[in-house]
There are 4 protein chains.
Amino acid sequence: MDNKRELIFKATEKIIASKGLQGLSMQQIANEAGVAAGTIYRYFKDKDELIGELRKNVLRVVASHILKDSGEGTLEQRFIRVWFNIVDFGRQRTPANLSYEQYIHLPGIDSDPHQTFENATFSELHVLFEEGKDAGVFHSLQNKTLFAISLEPAVALGRNIRRGQLKYDKAELELACSLCWQTINKQDNQIKLSNLTNKERSGQ
Amino acid sequence: MDNKRELIFKATEKIIASKGLQGLSMQQIANEAGVAAGTIYRYFKDKDELIGELRKNVLRVVASHILKDSGEGTLEQRFIRVWFNIVDFGRQRTPANLSYEQYIHLPGIDSDPHQTFENATFSELHVLFEEGKDAGVFHSLQNKTLFAISLEPAVALGRNIRRGQLKYDKAELELACSLCWQTINKQDNQIKLSNLTNKERSGQ
Amino acid sequence: MDNKRELIFKATEKIIASKGLQGLSMQQIANEAGVAAGTIYRYFKDKDELIGELRKNVLRVVASHILKDSGEGTLEQRFIRVWFNIVDFGRQRTPANLSYEQYIHLPGIDSDPHQTFENATFSELHVLFEEGKDAGVFHSLQNKTLFAISLEPAVALGRNIRRGQLKYDKAELELACSLCWQTINKQDNQIKLSNLTNKERSGQ
Amino acid sequence: MDNKRELIFKATEKIIASKGLQGLSMQQIANEAGVAAGTIYRYFKDKDELIGELRKNVLRVVASHILKDSGEGTLEQRFIRVWFNIVDFGRQRTPANLSYEQYIHLPGIDSDPHQTFENATFSELHVLFEEGKDAGVFHSLQNKTLFAISLEPAVALGRNIRRGQLKYDKAELELACSLCWQTINKQDNQIKLSNLTNKERSGQ
DNA sequence: TATGAATGAGTTTTCATTCAT
DNA sequence: CATGAATGAAAACTCATTCAT
């Protein structure tokens, strides 16, 4: 019955999403969660642990959205699915997404335990890239580089749409996606239209 | 004679770069700047204003690095220059770069004044993309989208290298750059090798 | 069946002995005693009562050690026995002794109920002194004064040895004891060697 | 101008004297001293440092009272003076005396830095005992032992009087003092009456 | 009777801000 | 203009005590 713990988690995530990590007090969390301040300390040693646990949790949630159905179908189908998963998740104003963005650029993020956890959580992406390279389809680049040129655009697009800096345009996104796909392909593999259109993705 | 103001600016930037926005006290800034705590209030209404001003300043510094020589030469040459400017700046562990990353994902970033300022600062990029589209060379996409698919990768690559998550590899970066160039081009415009190699950029 | 109560007592004594009265939480006591925190309140109204009861208990334990065999033999033999009982008990690092020292100098010690209890507990000492005075052997001084000049030294010596500020030296202690004996005697009653040496006390 | 620091010191001493170390909050100290809570932290790193500094200070005050005029006159005169200094100081209900008693039996008191400081502060007593032994007048015992048998009684008597457990009786004290003097003397050196009576001590 | 989760008042400590010098 | 001592509100955290189970 991790009811209270979950309550505290959700409350913290919500506050971080709206006010950032700066304006985050234990009292606020307690109020939002509807528990006493002292109660938080039954579930988390201190604020640092709470933030740390939340970070891991958020990362898991992000990964589960991003990697949804990422194992089925052809390489191309899997790529497209992940690409749009990223955009769709990034567009959302969910606490998970908003608080995620608070974490990733924090100092200390490059420390070993964080990196290890992050790599493990997103290991399926590595699998995808490795398979593409083994099949001789993708460029022989480091996975981080492949991510940077093909999926980082999706991250940016989702964020821009959410922030209202870019208007949502299905056709534009599909073009962007196919360009990203081509960019990591050795040969000029045009994306099959059917893969783009026959998805069951929920457009806006 | 904005000597003191500059001192305070640099001190703040330095602390943010190393410890983040969390652990940032006015006393620390005063110590680092070599002034009295009260003095800061002669130059800035309060902490928020100081942070806000610094944010703008950092943005200007970033822009000046990113846009260096971005107006000279062919479209292709200008793109390559900006692309590598971004990577090279992102690789650095300078206070400007490190504190920049602290700012960009802060809540409140999508407020109007910030957006307006940001757009103005990076207007040259818009010029570049508009020219490309007008010349019928670039895809007819919104500028933010063009940025996302062609330059956001450079941002990510620079950051990854700085964090030690990606090893610096000149050849790999040049391939990545040419792929980013192709991705925004309507026709399959291969990058001219001379443009990549004859640059006066200082590789690592 | 005061099993739980005894458990709580011992646990409290142990913690006080090692960490003092400062760092003493009900949770700690509960953990050490192996009971739930709430259980303590079945046996003691509140923390104050627990501490108070413990104080009395410790006093009883101290008295039982100090007054061991204090009723048998000549005045001289009884004095020597008490004197060494005090030193020997004071030297020990037992919870009873260590927690005793935490109590004696607490404010509120001079309140009536405490005094009455203390006097009752150590009444045998009063008997000893009264008998000495009645027999015309001891100086006609108040009992507290007799204690101060003849037994307080034993208290101090035991404490010093325990704290490592004085090295244990049997001969030195025996000399000190005989000097303390002489000091309360009207006539120059040298202690009989046999009384010092034929004891069954276990020296270090 | 250590005005504030002194204010905080006195306030803390006063509270410790009346309520002990237990009931000692920074807020209380601030109130008593008439400063803001935060001000305390300009003068002391944290509560521990404040307590520690106070302890040293109290020890110095105690020493200055105890050792008053302890260097002048014959061995006997010096002993008598110290003996009565101890009783007279111990009888007082001054914050210095009362808070002193709170400190001496705290756990951690036997740590090296504390011991070193204490020995240095009371070094004059060691000188007194050493001189007595060198002159062949005092028993060849460790200084701590000499203190225990001759001066510890004075400590106890002062405390007892203050607590109302012993009524003040000049004649009784003078007898006690002379007995203490004899107890550390090898030969049966009766105290010279003139030394006892011609003192300028202020009896109650 | 026993439990231990929950409480919330109280504790220590920090820090943006003010203001007399 | 510049200082830095002082402030006091607010933060993180503790803990004696209660109460539903």
Side-chain angles (χ1 to χ4, degrees), chain A residues 1-5 7-8 22-31 33-51, chain B residues 1 3-5 7-8 22-31 33-51, chain C residues 1 3-4 8 22-31 33-51, chain D residues 1-5 7-8 22-31 33-51:
Chain A
M1 187 73 64
D2 263 353
N3 191 17
K4 285 268 162 63
R5 188 185 157 99
L7 236 50
I8 294 165
Q22 321 291 42
L24 178 68
S25 82
M26 298 303 263
Q27 192 55 57
Q28 246 179 102
I29 295 172
N31 293 344
V35 301
T39 304
I40 301 173
Y41 293 86
R42 285 202 63 74
Y43 297 92
F44 304 94
K45 195 172 73 62
D46 56 17
K47 199 184 183 183
D48 273 358
E49 190 179 288
L50 169 57
I51 302 286
Chain B
M1 190 65 62
N3 190 18
K4 286 264 166 66
R5 187 182 161 99
L7 238 47
I8 293 166
Q22 309 306 43
L24 178 66
S25 79
M26 298 301 265
Q27 192 54 59
Q28 243 179 104
I29 296 172
N31 292 343
V35 302
T39 305
I40 301 174
Y41 291 83
R42 297 238 146 250
Y43 297 92
F44 304 93
K45 190 170 77 61
D46 56 17
K47 199 184 180 184
D48 275 355
E49 189 179 287
L50 168 57
I51 302 288
Chain C
M1 190 66 58
N3 189 20
K4 286 265 167 64
I8 293 166
Q22 310 304 45
L24 178 67
S25 79
M26 298 301 264
Q27 192 53 60
Q28 243 179 104
I29 295 172
N31 293 344
V35 302
T39 305
I40 301 174
Y41 291 82
R42 297 239 145 248
Y43 298 92
F44 304 93
K45 192 170 75 64
D46 56 18
K47 197 183 182 184
D48 275 356
E49 188 179 288
L50 168 57
I51 302 287
Chain D
M1 187 72 63
D2 262 352
N3 191 18
K4 285 269 161 63
R5 188 185 157 99
L7 235 50
I8 294 166
Q22 323 290 45
L24 179 67
S25 81
M26 298 303 264
Q27 192 54 59
Q28 246 180 101
I29 296 172
N31 293 344
V35 301
T39 304
I40 301 173
Y41 292 84
R42 285 202 63 74
Y43 297 92
F44 304 94
K45 193 171 75 59
D46 55 17
K47 199 183 183 183
D48 273 358
E49 189 179 288
L50 169 57
I51 302 286

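Below, chains carry the letters A, B, ... as their sequence lines are ordered, and counting in each starts from 1.
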(message) I want to verify a distance call: between E:dA16, F:dA6, F:dA2, whose nearest atom is closest to the B:Tyr43 side chain?
(response) F:dA2

(request) Would you kindly compare B:Met26 and D:Asp46 by the position of their nearest DNA chain E nucleotide and give the one closer to the 5′ end? (result) D:Asp46

(message) Rounding to an integer number of Å, can you tell me how far C:Asn31 CG sits from E:dT3 P?
(response) 12 Å

(message) Measuring from the side chain of C:Lys47 (C-beta onward, heavy atoms only), which nucleotide among E:dA16, F:dA16, E:dA2 has the closest atom?
(response) F:dA16

(message) Quick check: closest heavy atoms across C:Ala36 and C:Ala30, and the distance to 0.1 Å?
(response) C-CB, 3.9 Å

(request) Remember a base hit wins even if backbone is also touched, and classify B:Ile29 as base, sugar-phosphate or nothing at under 4.0 Å, heavy atoms. (result) nothing

(request) With rounding to the nearest 0.5 Å, note down the distance linking OH in B:Tyr41 to CD1 in B:Ile8. (result) 10.5 Å

(request) Between C:Gly23 and B:Val35, just flag the one whose closest nucleotide in DNA chain F comes earlier from the 5' side. (result) B:Val35

(request) Among the candidates E:dA6, F:dA12, F:dA2, find the nucleotide nearest to the side-chain atoms of B:Thr39. (result) F:dA2

(request) Calculate, to the nearest 0.5 Å, the distance between atoms CG and CD1 belonging to D:Leu7 and D:Ile29 respectively. (result) 12.0 Å

(message) As an exercise, state the distance from CG of D:Leu24 to CE of D:Met26, rounded to the nearest 0.5 Å.
(response) 8.0 Å

(request) Name the closest nucleotide to the C:Ala36 side chain, picking from F:dA11, F:dA2, E:dT3. (result) E:dT3

(request) Provide, to the nearest angstrom, the distance between the CZ atom belonging to B:Phe44 and the P atom belonging to F:dC1. (result) 14 Å

(message) Could you tell me how far apart B:Ile51 (CD1) and E:dT17 (P) are, to the nearest whole angstrom?
(response) 11 Å

(message) Output the rounded distance in Å from CD (B:Gln28) to C1' (E:dA16).
(response) 13 Å

(request) Indicate whether OP1 or OP2 belonging to F:dA2 is found under 4.0 Å from a side-chain N or O atom of B:Tyr41. (result) no

(request) May I have the distance from D:Leu24 (atom CG) to E:dT11 (atom C1'), rounded to whole angstrom? (result) 11 Å

(message) Whole angstroms only, please: what is the CD-P distance between B:Gln22 and F:dA12?
(response) 11 Å

(request) Hey, which sits more toward the 5' end of DNA chain F by its nearest nucleotide, C:Gln27 or B:Gln27? (result) B:Gln27

(request) Please figure out whether B:Asp48 or C:Arg42 has its closest DNA chain E nucleotide nearer the 5' end. (result) C:Arg42

(message) Just the rounded figure in Å: distance from P of E:dA16 to CD1 of B:Ile40.
(response) 9 Å

(request) Tell which nucleotide pairs with F:dT21, taking only Watson-Crick or G-U wobble pairs whose two distances are both under 3.5 angstrom. (result) E:dA2

(message) So, OP1 or OP2 of F:dA6: does either fall under 4.0 Å of a side-chain N or O from D:Lys4?
(response) yes

(message) How close do D:Phe44 and D:Arg5 get, counting heavy atoms only, and between which atoms?
(response) CE2-NH1, 3.6 Å

(message) Of the listed nucleotides (E:dA16, F:dC13, E:dA6), which one gets closest to any side-chain atom of B:Ser25?
(response) E:dA16

(request) Starting at atom CD1 of C:Ile8, determine the distance to atom C1' of F:dA16, rounded to an integer number of angstrom. (result) 15 Å

(request) Taking all heavy atoms of A:Thr39 and all of A:Lys4, pick out the closest pair and write down the distance. (result) CG2-CD, 4.3 Å

(request) Look at all strands and tell whether D:Leu50 reaches a base, only sugar-phosphate, or nothing, counting heavy atoms closer than 4.0 Å. (result) nothing

